[in-house]
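The figures here come from the full heavy-atom set of this structure, side chains too, leaving out hydrogens, waters and symmetry mates.
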Amino acid sequence: MDIREHLRSALRAALADTGISPLPDEIALERPARREHGDWSSNVALAISKSVGRNPRQIGMELVDRLSADLPAHVTAVEIAGPGFVNFRLCDSWLHEVLVDVITAGVDGYAAPDLGHARNVNVEFVSANPNKPIHAGHGRGACYGDSLARLRERCGWQVTREFYLNDRGVQMQRFAESLAARKRGEQPPDDGYHGEYLVRWAAEMPDDADPFEWGYARALQSHRETLARLGIVFDEWFSERSMIDNGAIDDTLADLRARDAVFEQDGALWLRSTDHGDDKDRVLVKSDGDFTYLLPDIAYHRDKFSRADHLVNVWGADHHGYVARLKAAMSVLGHDADELEVVITQMVDLVRTGEPVRMSGRSGDLIELDDIIAEVGPDAARFTYLIQSVDSRQTFDLDEVKKQAMDNPVFYVQYAHARICSIEAKARQAGIQRLSADRIDASLLVHERETDLLRSLFELPDIVEIACTDNAPHRVSAWAREQAAALHGFYHDCWVMGDGVSAELTQARLGLVEASRVGMAIALDLLGVSAPESM
RNA sequence: GCGCCCGUAGCUCAGCUGGAUAGAGCAUCUGACUACGGAUCAGAAGGUCGGGGGUUCGAAUCCCUCCGGGCGCGCCA
């Protein structure tokens with residue numbers, strides 16, 4: 001049983017004994033920041049003092065008295081502190097159970113809370129237009145979205161990774177015209193695409209190819225290849241054009257009309273989105289008969305809702321203004337708008353030793369994600385994109401990320417994993433066979449370095465759950481760094497084998513090393529970063 | 001003007017569904033291996049958590065307000 005649930009039930013019983021009624025729904029238990037405040041602490045006396053009308057310190061004292069009279073398992077002391085905190089001191093035995101839990105559950109079973117209950121979730125991300133290479137800014141959304149998908153998979157969801165293709169419209173026309181112009185050796189039109197990549201692609205294009213279709217296919221190939229370099233593979237590439245061909249857009253329009261959610265004004269057709277939380281109504285079909293981008297978007301999300309229980313969209317900050325209208329449209333169509341989560345990633349500033357990397361506006365050149373990957377490597381790119389909350393603007397310093405050899409966190413973390421593997425290999429070479437968890441005497445693990453590692457491993461399931469529910473992979477990155485620090489400290493102070501280390505202690509420590517490997521492998525997998533056995 | 005995000009150590013950032021003396025990495029300074037990989041470890045120094053109010057036993061965290069920065073507010077996509 002989770003140690004917190006164990007302490008909670010003890011507290012609940014003590015509260016009942018003191019005549020508190022009704023018992024609080026929630027009893028908070030947390031690890032105090034300061035060591036002298038014990039191993040676990042509860043503020044329950046403070047939390048209920050008002051409703052009970054009693055002094056919190058007094059309630060706390062009573063709880064301490066009753067708990068001390070019959071100490072729960074693992075607990076060595078219960079103390080009152082400050083305004084009324086109830087602090088528990090535990091012996092290390094509760095941590096020794098963690099070791100067994102981790103090894104027994106393994107990489108697939110540990111820290112895998114079932115939050116999704118096999119529901120289907122569709123995670124749509126990147127969705128870069130198929131008319132130019134994926135650039136550095138997309139990298140953040142790509143790594144982030146894939147990590148969200150990994151978190152969902154670990155937490156019991158059925159996940160579809162989806163890429164939406166805006167494969168029609170004026171932008172694609174301009175792209176085709178620009179490509180054709182380059183093929184003829186001419187400059188693209190002023191309102192076309194001027195990037196250097198078009199010169200390369202034009203050179204590849206056969207003379208008799210249709211610039212639109214060939215260019216589209218070429219861009220798609222480029223996207224696939226770039227994403228594959230980061231280990232990102234999509235299940236579905238959804239074509240906007242297909243919704244015209246198969247009537248999905250007409251159906252959507254008919255659906256909206258049937259729900260009396262549209263009206264005509266000034267020759268255009270409008271969606272009454274203000275009825276569902278938008279700040280103004282939106283045009284669906286322009287007076288010239290073309291529809292706006294919004295209508296296919298609505299049709300697309302309508303389609304996604306027919307395929308999944310829950311939708312997650314990863315959008316760049318420049319699209320946050322569209323959230324309200326899309327949610328309004330889904331609400332109009334009878335969907336629960338809360339089942340559509342739109343997460344916004346803030347911008348990325350590329351810099352090189354503190355100097356901003358200029359994106360040439362004149363030529364239309366962008367820094368391609370391929371170039372970033374080639375320069376810093378896929379693991380460093382992914383870890384860097386995922387090390388920080390996507391709510392904050394990110395400064396991505398290419399030189400900092402590349403000089404990883406010395407001080408980059410991704411290497412620090414990967415090195416920890418490699419070290420673990422190195423120890424295990426050394427043990428094998430020495431003919432030491434690691435015993436199964438039930439045959440290890442985990443109680444031998446009493447060194448502070450050892451208990452630090454176990455405490456860290458204990459936290460991983462919580463971290464995974466929070467990262468999943470908050471769409472926050474950076475919590476996993478932070479954990480991985482802490483776990484790596486704990487591992488390096490352990491490595492430094494605690495010899496697993498050799499003179500002066502008993503066979504039993506070697507076995508216990510090998511178990512701890514294996515548990516660490518499990519935890520680190522889980523975290524790195526969630527981040528999509530490789531877990532090397534040697535570096 | 002309105003909306004969303006951000007403002008925490010010299011730098012890059014965690015911590016934000018309220019907890020006790022605010023953390024990490026980098027950079028700086030000082031130390032540590034005759035053994036499992038020194039891409040490591042230990043210590044020091046570094047702070048008006050943008051400012052001001054409020055709620056609370058308790059606020060970086062919640063509320064209000066102001067300041068600063070980013071991104072959006074189309075019958076563009």
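Separating the P atom of B:U56 from that of B:A24 is a span of 34 Å, rounded to the nearest Å. To the nearest whole angstrom, the two C1' atoms, one in B:A45 and one in B:C29, are 8 Å apart. The same atom, C1', is picked in B:G25 and in B:G70; the two are 25 Å apart, to the nearest Å. With both ends at atom P, the span from B:C63 to B:C26 equals 35 Å, rounded to whole Å. Annotation: B:G15 and B:G50 have their P atoms spaced 14 Å apart (nearest Å). If you take atom C1' in B:A20 and the same atom in B:U28, they sit 32 Å apart, rounded to whole Å.
At distances below 3.5 Å, not a single donor-acceptor pair connects side-chain atoms of A:Ser41 with backbone N or O atoms of A:Asn87.
For A:Ser422, whose side chain is taken as the heavy atoms from C-beta onward, the closest listed nucleotide among B:A20, B:C36, B:A14 is B:C36. Of all nucleotides listed (B:U21, B:A77, B:G70), B:G70 comes nearest to the side chain of A:Gln346.
A donor-acceptor contact under 3.5 Å is formed by the side chain of A:Ser287 with the base of B:C75. Side chain A:Tyr412 to base B:A24: no donor-acceptor pair is found below 3.5 Å.
Under 3.5 Å, the side chains of A:Gln414 and A:Asp379 contain a donor-acceptor pair of N or O atoms. No side-chain donor from either of A:Tyr293 and A:Gln171 sits under 3.5 Å from a side-chain acceptor of the other.
Under the 6.0 Å cut-off for aromatic ring centres, A:Phe163 and A:Phe125 do not qualify, their centroids lying 6.0 Å or more apart.
Contact annotation: A:Lys280 side-chain N/O to B:G74 OP1/OP2 distance is under 4.0 Å. Close to B:A77, at under 4.0 Å from its OP1 or OP2, lies no side-chain N or O of A:Arg168. One finds no side-chain N or O of A:Ser477 lying less than 4.0 angstrom from the OP1 or OP2 phosphate oxygen of B:A24.
In this structure, the aromatic ring of A:Phe85 is positioned over the six-membered ring of the base of B:A20, centres within 5.5 Å and planes within 30°. Judged by centroid separation below 5.5 Å and plane tilt below 30°, A:His37 stacks onto the base of B:A20.
Rounded to an integer number of Å, the gap from A:Asp349 CG to B:G69 P is 15 Å.
Mapping A:Ala47 and A:Arg325 onto RNA chain B via the closest heavy atom, the residue that lands nearer the 5' end is A:Ala47.
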Name the pairs: protein N/O against N/O of nucleotides 44-51 of chain B, kept only if under 3.5 Å.
none

